[in-house]
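Reviewing the structure listed below.
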There are 2 protein chains.
Amino acid sequence: MLREDRKRNTKERIVRTAIQLFKEKGYANVTVEEITRLCGIAKGTFFNYFPKKENVLLHVGNSYTELLSGIVHKPREGNLRDRVMAIFRDFLSLYLKHADILRLVLIESIQSATGSADEPTNLAVFQEAIRDLLEEAKNEGALRSRFDSGVCASVLVAIFYQTLISGSASADEAAMAAILQEQFDAAWEGISDE
Amino acid sequence: MLREDRKRNTKERIVRTAIQLFKEKGYANVTVEEITRLCGIAKGTFFNYFPKKENVLLHVGNSYTELLSGIVHKPREGNLRDRVMAIFRDFLSLYLKHADILRLVLIESIQSATGSADEPTNLAVFQEAIRDLLEEAKNEGALRSRFDSGVCASVLVAIFYQTLISGSASADEAAMAAILQEQFDAAWEGISDE
DNA sequence: GGTCAATAATGACTATGGTCATTTTTAATT
DNA sequence: AATTAAAAATGACCATAGTCATTATTGACC
């Protein structure tokens with residue numbers, strides 16, 4: 001259907017323009033009117049596509065999907081543990097490289113996850129990718145674990161976000177990576193020595 | 001100083017009134033003007049105390065401090081692992097009992113944690129309490145772990161928040177408790193069987 | 001190609017968060 | 001009690017997010 005194509009097109013144009021402006025001037029300094037003006041549409045149209053200004057941020061997240069996928073599927077050396085940790089370090093690096101926007105995207109994604117979700121959130125997609133990785137490793141014998149892969153993925157992802165949240169105050173990448181590593185180790189080997 | 005007393009008093013009155021109204025009508029349906037009207041102050045005064053409307057939510061969180069402390073220090077039976085898990089279950093229960101507001105408080109706390117923080121956040125306070133608990137257990141010999149208590153606490157807290165965030169979409173308390181338990185076990189014993 | 005219902009765009013309008021120059025209150029000092 | 005400088009309260013004001021009744025566009029059907 002042609003209608004659908006145009007709608008998708010307009011939506012994408014809005015997102016693209018919004019990202020552009022957010023990067024230039026920062027989220028708070030960009031008005032909806034400015035976005036629509038640059039898109040050549042009326043202000044009201046924006047709200048036909050996104051119920052709130054913040055909602056664009058969710059779609060900004062989507063534009064990173066390919067990058068994330070690239071990181072997950074990049075071929076890596078070493079044992080599973082190191083490989084997984086390397087993935088997280090790459091994620092961290094990517095996050096910090098675009099921290100200004102991604103910080104907002106993260107918050108918004110969390111927020112949308114707590115509300116009754118319609119679409120699967122970015123967070124869920126990420127977690128799913130890690131789960132698949134672990135599951136595959138299990139099947140190949142690279143991981144022995146009595147816990148469900150989904151549960152393990154959830155734990156690892158939780159730690160990752162925790163690091164982003166509590167670390168992004170001040171710490172530099174190296175410090176955050178170290179924090180992440182420590183927690184990662186603790187979860188991987190178990191908090192208790194039994 | 002008398003000045004200080006009055007200021008503290010006004011601030012508290014604002015917070016109290018805000019909580020009251022938020023519970024009655026929901027955060028989004030309460031205007032700043034309404035809050036100040038009920039407090040008998042001018043609208044502008046509100047912003048002398050809180051830079052943004054949302055910032056009251058951070059202080060709403062503070063009003064739960066005693067409850068949280070009560071849960072942490074409540075005497076409990078069983079081994080450390082079960083005791084810690086029981087604390088988390090009580091936290092979960094408390095959270096769900098006031099989910100409407102606490103959901104917003106949680107988001108706001110996370111948000112303030114990502115910005116350059118001035119005061120220690122609610123999140124940090126919570127984590128600190130768990131760390132102290134673990135540290136004490138270590139000293140008493142109730143916990144043997146090669147990991148730092150702070151790191152362990154961070155992992156556990158991360159899992160807890162993760163559960164709140166991803167669970168609060170639909171699940172009931174029992175389901176969320178089960179999810180929490182699984183992840184807790186995985187982190188406590190270690191994801192890998194080695 | 002004319003008709004019509006569904007879909008989408010529009011922009012005037014409203015509500016409210018947040019600002020700020022001005023006024024009022026406070027309490028220290030003489 | 002008069003003076004004064006700092007602190008706090010005030011409310012008119014502005015910017016902008018979000019609404020909604022109206023208008024324009026689309027494409028299916030005859």
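- Under 4.0 angstrom from either OP1 or OP2 of dT10(D) there lies at least one side-chain N or O belonging to Thr45(B).
- A salt bridge links Arg81(A) with Asp185(A): the distance from a Lys NZ or Arg NE/NH1/NH2 to an Asp or Glu carboxylate oxygen falls below 4.0 Å.
- The CZ atom of Phe46(A) sits 17 Å away from the P atom of dC20(D) (whole-angstrom rounding).
- With dG18(D), dA8(C), dG17(C) as the candidates, the nucleotide lying closest to the side chain of Tyr49(A) is dA8(C).
- Nearest nucleotide to the Ala42(A) side chain, out of dA8(C), dA9(D), dT10(C): dT10(C).
- Here the side chain of Lys53(A) is nearest to one of dT10(D), dG18(D), dG17(C), namely dG18(D).
- To the nearest angstrom, P of dG18(C) lies 11 Å from CD1 of Ile35(B).
- Minimum atom distance to the side chain of Lys7(A) is reached by dA8(C), of the listed dA8(C), dA8(D), dG18(C).
- The nucleotide whose nearest atom lies closest to any side-chain atom of Lys43(B) is, among dG11(C), dG11(D), dG17(C), dG17(C).
- Each of Lys52(A) and Arg6(A) was assigned the nucleotide of DNA chain D with the nearest heavy atom; the assignment lying further toward the 5' end belongs to Lys52(A).
- Put simply, CZ on Phe50(B) is 15 Å from C1' on dA8(D), counting in whole angstrom units.
- No side-chain N or O of Arg131(B) forms a donor-acceptor pair with one of Ser149(B) less than 3.5 Å apart.
- Checking each of Ile41(B), Val15(B), Val30(B) against Ile35(B) for a side chain to side chain contact (heavy atoms under 4.5 Å, CB included) leaves exactly one that passes, namely Val30(B).
- Separating the CZ atom of Arg37(A) from the P atom of dA15(D) is a distance of 14 Å, rounded to the nearest angstrom.
- To the nearest angstrom, C1' of dA15(C) lies 13 Å from CG of Asn29(B).
- Rounded to whole Å, atom P of dT25(D) lies 20 Å from atom CG of Asp5(A).
- For Ile41(B), counting side-chain heavy atoms from C-beta on, the closest listed nucleotide (dG18(D), dT19(C), dT10(D)) is dT10(D).
- Ring-plane geometry between Phe22(B) and Tyr27(B) is classed as perpendicular, the angle between the planes exceeding 60 degrees on a 0 to 90 degree scale with a lower cut at 30.
- Among the nucleotides dT10(C), dA8(D), dA9(D), the one closest to any side-chain atom of Asn48(A) is dT10(C).
- Listed nucleotides dA9(D), dG18(C), dA9(C) differ in distance to Phe47(B); the shortest reach to its side chain belongs to dG18(C).
- Remark: C1' of dG18(D) and CD of Glu33(A) are 12 Å apart, rounded to the nearest angstrom.
- Trp188(A) is listed as a side-chain neighbour of Leu80(A), based on a closest heavy-atom distance under 4.5 Å.
- Computed from coordinates, the Ile14(B) CD1 to dA8(D) P distance equals 13 Å when rounded to whole Å.
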